[in-house]
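What follows is one structure encoded as structure tokens, with my remarks underneath.
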Amino acid sequence: MKIIHIAGGGDKGGAKTHIFALTKHLSKTNDLTLVSMRKGEFPEDAVKEGIKTKIFDGKVTLFDMFALANYIRKEKPDIVHCHGAKANLAGVMAKLISPKTPFTTTVHSDYRLDYMHSRIKKNTFGVINSVALRFFDFYTSVSDNFKKMLIERGFKADKIMPIYNGLDFNEKTPPFDKKAYLQEMGLDYTGDEVVLGIAARLTPVKDIPTLLKAFSIAYKQNEKLRLIIGGDGDSTDMLKNMAVELGIDKAVCFCGWVSDIGKFFSACDIDVLCSISESFPYSILEGIRAGCAVISSDVGGVTNMIDSGENGYIFQPKDYETFAREIVDLSLDKEKRDIFAKKLYERASKLYSIENMAARQEEIYNCIRKMKFTKGRKGVLICGAYGRGNSGDEAILEAIISTMREIDDLMPITVMTRKPRETEVLHFVRGVYTFNIFKFIPSMLTSKLFISGGGSLIQNVTSTRSLLFYLFSIWAAKICGCKVLMYGCGIGEVMGKLPRAITKAVIDKFTDVISVRDTHSLEEIAGLGITKPEAMISADPAFSLIHSEENKVMAYFNREGIDINKKYICFSVRSWKDFDNFEVYAKSAKYAYEKYGLETVFMPIEVPKDIAPSEKVAKYMTTPYKILTNPEDIPLIIGIMKKMQMVCAVRLHALVFAAHAGVPFAATSYDVKVKGFMDDAGASDNCIDLRDLNEEWLCRAIDNLMQKEVREKYTQISDNFKSREQRNKANAARLLGKEEK
């Protein structure tokens, strides 16, 4: 592949490390040229690294850009890849002359904050770069946070491809005299102090004042602390004065720009970062490679690498008090520092290697070229009851998207949703409004696979109008040329001769494969007379999700004031027609508390609808309870469920989440889909019709679910559902013509 990378030529720090590491590695298997728009250290260092380098730096920048554009037109590269504001402008000018060449740019930072230290530059270079970015064909974001940022600002989700920074972990710093090195820098170091280090531009976005405030607090508790700050910038003098004012200047060393970053971090015990905004910070990776423990602000996707409290610490930007506590904790505990450093090295060296980064970038290039030049159908269009605030439906969507990315991580995905922008930001997909025919028909004309996704879409108990719409979407997708997959669906109940006849006609003729989530749905398909599509039983798509890790659940419990050491029973209730016997749940909660010591947690599945019925139960409560309203994602909800002793639910997906977590559950059935799920789980003894619900039955169910042998049974139920759910992925992969990864 013939590749041209363009850089401004003044790049330093993480951006320079990224460009050099990537281009050097890609050069091994591709014809790659790195263009610098400036003479000096950057292109000279590139040549030293063995990277083929070309410089465009005449007297007039505009002429340089025209010269570069002509160079690209003559060279006819397969792809042009830009880095930074100056390169972006040059790339956009070249794109006008070579419109058939794919142009992409890596977003290394929040472009609105790049010039926050200078109002003039912000309103000139910053504005120009903001405009130039809009003209690229594709974007590479170096963290999920930056992809989210771009989507929120109106960039198309299917044009943004994330990549994580990589580093050569085989590169080692030769042994050196740490004491002499630090003393030469000017640090007051005798050999037994604990050294914190940060390598960063000294500009407002790096927020070094937060570090100095935190260090001053920590220093009062541990005078063995020392801090070295490697970097320069407009804020240098202000920061030095601040260190004097805080009384820490004797323990802090401003050592200027560091040329040997490996030696710098090898001299540190703790690598720190305090930025307001980052992409994915190379300084953290460099510290990990050198064997440092890490404390970082929550920026740039560091949470993908650091589990706070398990292998490092994370604090919220500007929270210097928490930062100080974490500094003290690690500075006083060498064993913890060593454990954190070892765990982080093991994770980072596997996930964030230069080999992985380069391979991912080549995948992105191939995908970009395919999307730019290959005619024909690409990707998936997903249709369902999404964007309404129902955790169950959102779990289905998250699961389907996750599975599609397992099949092809760079495949374009579009979702029909009530809240397109919210869905785009949450799931990193393209969203179109569910009922906007002028949006979803064009997507049907270009997508390879249409997924009628999960949930009870094919039923008219709640609405005949919604049944007809979802049948229309299946018909339209097939007419537009898509393969059609009904994915882990619930079917029925469809009432009335005409609706049943229409349902049979559409599904029989216009669907390729049907997978249903329960036996009752399979029976309903047979009852409707549907025989032509391949039909099979699978499971609810949510069973493919992975629950949150223990530390995230613990952090949530702490925020909500829930004692992790206590035992809990979870209730998930909803309003349904004329049901008003909410007191029965309060009485059974009291029974569970008095007999088994279980406190009550209410888990609303559809917010805000389920808040009101939870509050109605709460009015009758005489024992401790908590209504949860803000778990931020489905994996966290499943993780919370794992902490419950049992779940008593009306909502189907509360039962699904409980089953996923392997936690015993009892159901109050308001719809055939609930009974169907309980029958499939082999738990029909713990299911009662909503109209027949009474205190005696519910208390008896609680007794039953507390038995050890019954609890062990529910672990097997979870395994069975998860195994069946894999059929959904196999069907999608087959219809897409792809081998499963």
Side-chain angles (χ1 to χ4, degrees), residues 380-385 393 396 400 416 434 440 444 447 449-541 652 656 669-682 684 687 689 721 724-736:
V380 175
L381 175 62
I382 305 171
C383 176
D393 292 324
I396 290 169
I400 295 173
M416 295 167 61
T434 303
F440 68 70
M444 289 175 173
S447 296
L449 176 64
F450 176 81
I451 291 178
S452 183
S456 298
L457 305 181
I458 308 302
Q459 53 83 24
N460 62 355
V461 174
T462 56
S463 169
T464 296
R465 184 172 59 182
S466 68
L467 169 66
L468 294 176
F469 173 76
Y470 290 120
L471 290 173
F472 165 76
S473 68
I474 290 171
W475 171 83
K478 193 65 176 178
I479 291 298
C480 288
C482 297
K483 295 283 188 181
V484 176
L485 169 62
M486 295 177 66
Y487 191 112
C489 293
I491 309 292
E493 184 176 1
V494 180
M495 300 179 293
K497 285 186 178 181
L498 183 58
R500 290 179 70 83
I502 295 172
T503 300
K504 175 190 182 306
V506 172
I507 295 179
D508 225 10
K509 187 173 182 180
F510 300 103
T511 303
D512 293 288
V513 178
I514 307 172
S515 65
V516 295
R517 65 187 180 189
D518 54 60
T519 305
H520 178 273
S521 296
L522 201 61
E523 293 170 350
E524 183 72 2
I525 287 174
L528 287 165
I530 297 168
T531 58
K532 293 180 182 178
E534 180 184 357
M536 67 191 71
I537 190 166
S538 58
D540 191 288
L652 172 63
V656 171
S669 177
Y670 72 96
D671 186 88
V672 66
K673 65 184 180 183
V674 177
K675 186 177 186 306
F677 176 80
M678 296 299 287
D679 288 344
D680 264 26
S684 54
C687 180
D689 192 280
F721 276 124
R724 277 172 29 183
E725 198 284 328
Q726 287 297 306
R727 297 169 190 170
N728 292 323
K729 179 180 177 181
N731 288 330
R734 180 157 50 94
L735 291 176
L736 285 166

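Values reported hereafter were calculated over all heavy atoms of this structure, with side chains retained and with hydrogens, waters and symmetry mates removed.
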Nearest heavy-atom pair of [X] and [Y]: which atoms, and what distance?
X      : Y      : answer
Val461 : Asp671 : CG1-OD1, 4.1 Å
Ile530 : Lys504 : CG1-CA, 4.0 Å
Val484 : Leu735 : O-CD1, 4.3 Å
Gly453 : Ile400 : CA-CD1, 3.7 Å

Can you check whether Asn728's main-chain N or O pairs, donor with acceptor, with Glu725's side chain at less than 3.5 Å?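 Absent.
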Quick check: does any side chain N or O of Asp680 sit under 3.5 Å from a backbone N or O of Thr519, one acting as donor and the other as acceptor? yes
Which residues satisfy the side-chain hydrogen bond (donor to acceptor under 3.5 Å, both in side chains) test with Ser447, sequence neighbours excluded? none
With the side chain counted from C-beta on, respond yes when [X] and [Y] share a heavy-atom pair under 4.5 Å apart, and no when they do not.
X      : Y      : result
Leu736 : Lys483 : no
Asp679 : Asp518 : no
Leu471 : Ile507 : yes
Thr434 : Phe469 : yes
Thr464 : Met495 : no
Cys482 : Leu381 : no
Phe450 : Met416 : yes
Leu652 : Arg517 : yes

Does the distance from a Lys or Arg side-chain N to an Asp or Glu carboxylate O, for Lys532 and Asp508, drop under 4.0 Å? no
Salt bridge check, Lys675 against Asp689: does any charged N sit closer than 4.0 Å to a carboxylate O?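 Looking at Asp689 and Lys675, the cut-off is not met.
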How long is the span from the [atom1] atom in [X] to the [atom2] atom in [Y], to the nearest 0.5 Å?
X      : Y      : atom1 : atom2 : answer
Gln459 : Glu524 : CD    : CD    : 10.5 Å
Lys509 : Ile474 : NZ    : CD1   : 14.5 Å
Asn731 : Glu534 : CG    : CD    : 6.0 Å
Ser473 : Phe440 : OG    : CZ    : 7.5 Å
Thr503 : Leu467 : OG1   : CG    : 4.5 Å
Arg727 : Ser515 : CZ    : OG    : 9.5 Å

Residue among Ser521, Ser538, Pro533, Cys489 satisfying side-chain contact (heavy atoms from CB on, under 4.5 Å) with Ile514: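 With Ile514 as partner, side-chain contact (heavy atoms from CB on, under 4.5 Å) holds for just one option, Pro533.
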Would Phe721 and Phe677 count as a close aromatic pair, with their ring centres under 6.0 Å? yes
